[in-house]
Amino acid sequence: MNFKPIQLKKGQKTIIYAVAAVLAVFLIERLFFAGLRAKIRNLNQQIKLEEANLKISMSMRKQKDKILSENNRYKTYLEITESTSEREIISKFLREVEKIADDSGISVINLSPENQIDKLKNCKKYNADLRAEGPGDKIFNFLNKIQSSNLLVEVDRFSIVSKDEQADSLRLETIISIVVPQLKDESS
């Protein structure tokens with residue numbers, strides 16, 4: 001058998017070369033670049049996953065910082081709950097009230113703890129009577145600082161009256177309290 005080369009016209013050769021070139025490009029793309037595209041797609045998914053993990057980690061870090069700052073803010077309160085005697089708790093409570101009064105610029109006339117301690121479910125409430133004097137802005141500053149105290153001191157009820165006719169100075173009579181959780185079973 002004798003094979004004769006097929007004689008093609010110039011247009012036919014061009015078409016065959018074009019088809020061969022397209023097939024070559026298609027095969028090269030399928031064999032080499034498809035793997036690269038798959039690797040790039042995989043890397044993009046890993047990047048997105050790491051970005052999501054990083055966002056979660058940053059959110060958790062912010063929460064951790066917030067929790068630590070809250071813990072530091074209320075450290076005094078947490079320490080008071082660990083006190084063993086009621087005398088220590090009352091002492092810390094009264095010192096905190098006096099400190100806030102001094103910082104606010106009011107004069108404490110009388111600060112005395114109430115003898116009766118209210119026992120609530122899993123906690124005790126300590127009350128104190130406070131009588132103080134000072135300018136109106138300083139009295140209100142004191143009340144604000146009491147409400148935002150690190151010991152979670154609160155004002156139960158209060159009365160503000162003018163000390164003199166010009167109302168330059170006010171007299172504050174109030175009952176303030178602190179609620180302390182009981183960490184252990186106490187049989188009283």
TODO: With side-chain contact (heavy atoms from CB on, under 4.5 Å) as the test, would you mind laying out the steps for E29 and R37 before giving the verdict?
DONE: CA-CA 10 Å; E29 191 276 330; R37 266 198 323 272; 2.4 Å; yes

- [ ] Indicate if I146 and F158 have the same hydrophobic cluster label, given that clusters are the connected sets of ILVMFWY residues with side-chain heavy-atom separations under 4.5 angstrom.
- [x] yes

Open item on the list: Check for me, please, whether I175 and I90 land in the same ILVMFWY cluster - side-chain distances under 4.5 Å, paths through other members count.
Closed with: no

Task: L43 vs Q46, side-chain contact (heavy atoms from CB on, under 4.5 Å): CA-CA, chis, key distance, verdict - done: CA-CA 5 Å; L43 287 174; Q46 286 179 349; 3.7 Å; yes

Atom pair [atom1] ([X]) and [atom2] ([Y]), whose distance is rounded to the nearest 0.5 Å:
X	Y	atom1	atom2	result
F33	I28	CZ	CD1	7.5 Å
S159	L170	OG	CG	10.5 Å
N71	I67	CG	CD1	9.5 Å
I176	L130	CD1	CG	5.0 Å
L49	Q45	CG	CD	9.0 Å
I117	I89	CD1	CD1	8.0 Å

Validation row: [X], [Y] side chains within 4.5 angstrom (heavy atoms):
X	Y	result
R171	R131	no
L94	P113	yes
N110	D129	no
I160	F140	yes
L36	F32	no
P135	K138	yes
E133	I109	yes
E88	E86	no

Open item on the list: So, using salt bridge (charged side-chain N to carboxylate O under 4.0 Å, His left out) as the criterion, who are the partners of K145 when residues are at least two apart?
Closed with: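 With sequence neighbours excluded, K145 shows a salt bridge (charged side-chain N to carboxylate O under 4.0 Å, His left out) to no residue whatsoever.
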
Task: Donor-acceptor contact present, side-chain S104 to main-chain I100, <3.5 Å - done: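 Judged by distance alone, yes, a pair lies under 3.5 Å.
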
Open item on the list: Determine whether a donor-acceptor pair (N or O, by modelled atom type, separation under 3.5 Å) exists between the side chain of Q12 and the backbone of K9.
Closed with: yes

Open item on the list: Distance alone, cut at 3.5 Å: any donor-acceptor contact between the side chains of S177 and D156?
Closed with: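 Yes, D156 and S177 have a side-chain donor paired with an acceptor closer than 3.5 Å.
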
Task: Any side-chain donor near an acceptor of the partner, S91 and R95, under 3.5 Å - done: yes

Open item on the list: Could you report the tightest heavy-atom contact between Q147 and E154, atom names first, then the distance?
Closed with: OE1-CA, 3.5 Å

TODO: Quick one: closest heavy-atom pair of Y126 and F93, and the distance?
DONE: O-CE2, 3.9 Å

TODO: Check the surroundings of atom CD in Q116: do more than 12 heavy atoms from other residues, nucleotides or ligands lie under 6.0 Å from it?
DONE: no

Open item on the list: Holding to side-chain contact (heavy atoms from CB on, under 4.5 Å), I want the full list of residues that pass it with I15, two or more places apart in sequence or in another chain.
Closed with: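 Testing I15 for side-chain contact (heavy atoms from CB on, under 4.5 Å), a comparison that skips the adjacent residues, returns V19.
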
- [ ] Answer yes when K125 and E114 have at least one side-chain N-carboxylate O distance shorter than 4.0 Å, and no when they do not.
- [x] no

Give the table of side-chain donor-acceptor pairs shorter than 3.5 Å for residues 20-27, with sequence neighbours excluded, one pair per line with atom names and distance.
none

